[in-house]
Amino acid sequence: MADKNISYWLMKSEPSAYGIKDLQNEKETLWDGIRNYQARNFMRSMQKGDLTFFYHSNCKPPGIVGLMEVIDTHLIDPTQFDSNSKYFDPKSDQKKPRWDCAKLKYIKTYNKILTLKEINEKFNSEELILIRKGNRLSIMPINRLIAQDLFKILDEG
DNA sequence: GCCAACGTTGGC
DNA sequence: GCCAACGTTGGC
């Protein structure tokens, strides 16, 4: 599989807001609108070349649908200064922006969704319990071994 | 700095 | 629509 030095992530998005098809059409996107400090900090620690699973949340069925690559990091999130945006943050200072984000590139859509149900059946690990009811973390790290297991399942589907 | 009230996420 | 989980806010 890929380079040994890269990290793996999972990013959630509601397909009604922004789904894998939107990314496929746009080819790449700024992952803006993140307003949770822990998620932001994970995004800050991303590096170019990292691989990210695209997870569809709040839909039927929820699950991993595709793969992305991190192509840029530490970009200012423009929505924080846009008073028309739902992500507008009046407390953010132009000189010291509170929110930043990464840029992601579309790699692929998997033939089959790896549903949350299947994930929960196949993994007992603490890692993927992070995908659960009430969890507000929309960006999370995935450890290398679990990532490899996920690739194995996803690529043969 | 504590903690109760409140808001959001997201599976079911 | 319900509600568990949990982050955020604000009074003190």
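Basis for what follows: all heavy atoms, side chains included, without hydrogens, waters or symmetry-related copies. Remember, it's a predicted structure, so these values are computed and weren't measured experimentally. Chain identifiers are assigned alphabetically (A, B, ...) following the order of the sequence lines, protein sequences preceding nucleic acid strands; residue numbering begins at 1 within each chain.
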Between [N] atom [atom2] and [X] atom [atom1], what is the distance in whole Å?
X: A:Asp89; N: B:dT8; atom1: CG; atom2: C1'; result: 16 Å
X: A:Lys60; N: C:dG1; atom1: NZ; atom2: P; result: 13 Å
X: A:Asn36; N: B:dT9; atom1: CG; atom2: C1'; result: 10 Å
X: A:Asn41; N: C:dG7; atom1: CG; atom2: P; result: 13 Å
X: A:Gln38; N: B:dT9; atom1: CD; atom2: P; result: 15 Å
X: A:Arg35; N: B:dT8; atom1: CZ; atom2: P; result: 14 Å
X: A:Met11; N: B:dG10; atom1: CE; atom2: P; result: 13 Å
X: A:Asn58; N: C:dC2; atom1: CG; atom2: P; result: 16 Å

Distance test, side-chain N/O of A:Lys12 to OP1/OP2 of B:dG10, below 4.0 Å: yes

Counting only side-chain N and O atoms of A:Tyr87, is one of them less than 4.0 Å from OP1 or OP2 of B:dT8? no

Which of the following nucleotides, B:dC12, B:dG10, C:dT8, is nearest to the side chain of A:Tyr37?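 Of B:dC12, B:dG10, C:dT8, C:dT8 is nearest to the side chain of A:Tyr37.
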
A:Tyr55 has its side chain closest, among B:dG10, B:dG11, C:dT9, to B:dG11

Without placing hydrogens or testing angles, list every side-chain donor-acceptor pair under 3.5 Å for residues 15-33 of chain A, not counting sequence neighbours.
{"from": "A:Asp22", "atom 1": "OD2", "to": "A:Gly19", "atom 2": "N", "distance (Å)": "2.7"}
{"from": "A:Gln24", "atom 1": "NE2", "to": "A:Tyr106", "atom 2": "OH", "distance (Å)": "3.3"}
{"from": "A:Asn25", "atom 1": "ND2", "to": "A:Lys21", "atom 2": "O", "distance (Å)": "3.3"}

Among A:Arg35, A:Arg40, A:Arg98, which residue satisfies the salt bridge (charged side-chain N to carboxylate O under 4.0 Å, His left out) criterion with A:Asp77?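 Only match with A:Asp77 under salt bridge (charged side-chain N to carboxylate O under 4.0 Å, His left out): A:Arg35.
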
Between A:Glu121 and A:Lys117, is a salt bridge (charged side-chain N to carboxylate O under 4.0 Å, His left out) present by the stated rule, with each step listed? CA-CA 6 Å; A:Glu121 283 164 4; A:Lys117 184 165 177 285; 3.3 Å; yes

Pair A:Trp99-A:Tyr37, ring-ring contact (aromatic ring centres under 6.0 Å, His included): steps then yes or no: CA-CA 9 Å; A:Trp99 307 107; A:Tyr37 289 104; 4.8 Å; yes

